[in-house]
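One structure is given below, encoded as structure tokens.
Because the structure is a prediction, the values reported are computed rather than measured. Chain identifiers are assigned alphabetically (A, B, ...) following the order of the sequence lines, protein sequences preceding nucleic acid strands; residue numbering begins at 1 within each chain.
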Amino acid sequence: MAKDVLLEELNPQQKEAILYSKGPLLVLAGAGSGKTRVITHKFAYLTKKKKYHPSSIFTVTFTNKAANEMKERIARFVGSDMRQSWIGTFHSQCNKILRREIKALGYKPDFSIYDDDDQCNLIRHILKELKIYEALYKGVASRISILKASLISPEEFLSQGDGFSFDEKLGRVYLKYQDELKRCNALDFDDLIMLTVRLFEENPKLLSKYQEMFPYILVDEFQDTNHAQYRLLQLMARHKNICAVGDDDQSIYKFRGADVSNILNFEKDFPDAMIIKLEQNYRSTQNILDVSGAVIAKNPQRKPKKLWTEKGCGEKVIYCRLNTEEEEARYIARNIKDLYLKGNYEYSHFAILYRINLQARAIEDALREEVIPYHVISGVSFYHRREIKDIISYMKLALNTDDNVSLRRIINSPPRGIGASTLSKIEHEAKKNSVSLFAAIKLMLKSNNITSSIKDKISEFVKIIEKISSTHHKTAADMLKDIVEKTGYIEDIEEERLQNILELVSSAENIPIKDFADRVALVSTTDDEPKKASVSLMTLHSAKGLEFPVVFVTGVEEGILPYFKAIDDASEMQEERRLFYVGMTRAKDILCLTAAKKRRLYSKVQEQEPSRFLQDIPKECCNWIEKVQQKTEVIPEPAKLPPKKRASAYTVGCRVKHPAWGIGVVRDCCEEGSNTKLTVNFPGIGIKRLVAKYANLERI
DNA sequence: CTTCTCTGACTTTTT
DNA sequence: GTCAGAGAAG
């Protein structure tokens, strides 16, 4: 029975990929070729037919979303609970290993995990200390991150340098950074991978233990692995039973260290590797495949693929160039409205993609004008909000008092009168005794050379942290509640921040403390659930892995797509091309490419040339529209609406959802200045007056 | 220590 | 044009 269910409705290549279960296998899975299906079926096949235990298959993905999806789908198949399984992101898998084994590297198992924010804070602190121009921290952070992803240690990096250049300084910062992390008993994201590799390289016994634990390895989105991740896979796959699934054409994270050559060189590293191409596409029409295929075919370094579909030609791909970005946006909005009114599409069927976030603004304006519901999938995650990070920092410090970065963050928030001068005294004391900041504060409390007012303040702080860490909390929620209470954090803060904290607490309900701390660190949880009944706006990067019936790729212009910074670098140009390809292949039925002749970028208006990628598009698959005014004659504004009168996203009678009060009906709506003030009746709660932009409302 | 004002940077961002 | 962050003033 199992075999039938496992293999039915699969094409021959998919079947082959599932059945080939001995030795290394690379599955080149084109966009929309049923990649996830292959992985989940393969997992099921290995456990059902090949008698692998579910927890003996080391399965790695890049996102938590992908991991969860996979767990769910496999659980449905295999019928057993996947919570014990080793299916997860690279980072969470490494975290799991390191929590057990990190003592071998001289860290303590209760290490903190630093996110990008913490990482930047630490780097800035180091730059300040080494008297290097602090504004460089972002560039320094990303260089260090790429070094770690390439498994280059500070010592190695320093030994390559000439002793004078900027890289010399960078090397010193890197060295100090690693040192500080260790003092803090903290790991950044890159450490999770790098240190796992080091752990295995330095401890052959441990390595073989894990090699035996995992006789089979499955890798999703293989094109996105960086060198360190690849090395980890190489180490673990002693039995060479590794199946890597990916698409070199969809590698768009080079700037984060992803290395396409991993996919291009797989055959060299695993000489007897089997390669299977999945070229049947189940998503898009032939026209869309022809257009996107022609564009990607121009990339010199790629594994040739030719996607095909049984779907038929479908609609022609539309290309439309307009005068300005406002016109471009209006064109998109009107097209969406038209298609929606014809009744074949819901608003949730549309996606508008752009290269840079900045482009979203004009589009949002146009959608509001047409009263089209939309949501922007943005990068700012819940856990990155200041109040959330602050509360979490208390938690991290209580769990690991060596965590100096968290301590610096919260020692004066909420304000308790401990300013820069006090902190530098603490830093000094810590350095003198080579102990953590927290330990230094405790030393200072015993000494007599500080004023009693400072003593009171810092002793208060120490008491709070010690009380929190010595209390035995049952769940993470209990601990967070205790933190909020003891620190007085929620006394006079804005309503929105308070709501966020309450949300944080409720999300921690019934979760063990350490699990919660890991989850917060490793799960971005942007919580951008594909909101029902609204158009999705996002960058081309965030669109990867998604699909929509109707897709607009906007700003198809030189300078935007390809982005101007990539223009004089051949490998970055290739990546821009892939980015365009990823965008186009999100579309199922209708693909529309748009461009503007003039665009306001930052403060100046620029003349924009059409993107070079357009030259590669077969014109017979397209509807080519130029709505461009050749002469600069005075154009009678087609829409005579003064911007003030712009229709608000809210109308009397529409339904809204508030994070705390739930669903309500808008009773009144008025524009005051730049604010939209709403009167909303929440059943069971009553009538509330709200300012739309602060109330965190969702239109439903 | 907090608040205001000025400067300058300004892709993308799975963890 | 906008925002965050640094520095100056209160």
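- Protein atom CZ of A/Phe189 is 15 Å distant from nucleotide atom P of B/dT13, rounded to whole Å.
- Backbone-only contact: A/Arg361 has heavy atoms under 4.0 Å from sugar-phosphate atoms and none from a base.
- Within the 4.0 Å cut-off from OP1 or OP2 of B/dT15, at least one side-chain nitrogen or oxygen of A/Asn64 is found.
- Base engagement by A/Tyr253 is indicated by at least one non-hydrogen atom pair under 4.0 Å involving a base atom.
- Proximity of A/Tyr563 to the phosphate of B/dT11: a side-chain N or O atom is located under 4.0 Å from OP1 or OP2.
- Residue contacts for A/Arg355: at a heavy-atom cut-off of 4.0 Å it reaches a base atom on one of the strands shown.
- For A/Asn95 and B/dT15, the shortest distance from a side-chain N or O to OP1 or OP2 is not below 4.0 Å.
- Where stacking is scored as ring centres under 5.5 Å apart with planes under 30°, A/Phe62 does not register as stacked on the base of B/dT15.
- If you take NZ of A/Lys544 and P of B/dT14, they are 11 Å apart, rounded to a whole angstrom.
- Within 6.0 Å of CD on A/Glu129 lie more than 12 heavy atoms contributed by other residues, nucleotides or ligands.
- With its glycosidic angle more than 90° from 0, B/dT12 adopts the anti conformation.
- No hydrogens or angles were tested; on distance alone, nothing pairs the side chain of A/Arg256 with the base of B/dT12 as donor and acceptor under 3.5 Å.
- Note on A/Ile418: only backbone sugar-phosphate atoms sit closer than 4.0 angstrom, heavy atoms only; bases stay farther off.
- Remark: the A/Tyr489 side chain and the A/Glu387 side chain contain no N/O donor-acceptor pair separated by less than 3.5 Å.
- Residues A/Glu576 and A/Gln574 have side chains that never bring a donor and an acceptor to within less than 3.5 angstrom of each other.
- As a whole-Å value, the separation of A/Leu195 CG from B/dT15 C1' is 15 Å.
- In terms of position along DNA chain B, the nucleotide closest to A/Asn412 lies nearer the 5' end than the nucleotide closest to the other residue of the pair A/Glu575 and A/Asn412.
- Only the P atoms considered, B/dT12 is 16 Å distant from C/dG5, to the nearest whole Å.
- The separation between A/Leu192 atom CG and B/dT15 atom C1' is 8 Å, rounded to whole Å.
- Among the heavy atoms of the strands lying under 4.0 Å from A/Asp116 is at least one base atom, whether or not backbone atoms are also near.
- Here the P atom of nucleotide B/dT13 and the CD1 atom of A/Ile356 are 11 Å apart, to the nearest Å.
- Put simply, A/Asn357 has no side-chain N or O that comes within less than 4.0 Å of OP1 or OP2 on B/dT11.
- The 5' end of DNA chain B is approached more closely, in terms of each residue's nearest nucleotide, by A/Thr422 than by the other of A/Ser542 and A/Thr422.
- Donor-acceptor pairing under 3.5 Å is recorded for the side chains of A/Gln178 and A/Asp191.
- Atom CG of A/Asp220 and atom P of B/dT15 are 13 Å apart (whole Å).
- The backbone N or O of A/Glu325 sits nowhere less than 3.5 Å from a side-chain atom of A/Arg599 that would complete a donor-acceptor pair.
- Of the candidate nucleotides B/dT12, B/dT11, B/dT15, B/dT11 has the atom nearest to the side chain of A/Lys565.
- Rounded to an integer number of Å, the gap from A/Leu358 CG to B/dC10 P is 13 Å.
- Protein atom NZ of A/Lys138 is 11 Å distant from nucleotide atom P of C/dA4, rounded to whole Å.
- The residue A/Asp115 sits apart from the nucleic acid: no heavy atom pair falls under 4.0 Å.
- Taking 4.0 Å as the cut-off between side-chain N and carboxylate O, A/Glu326 and A/Arg600 count as a salt-bridged pair.
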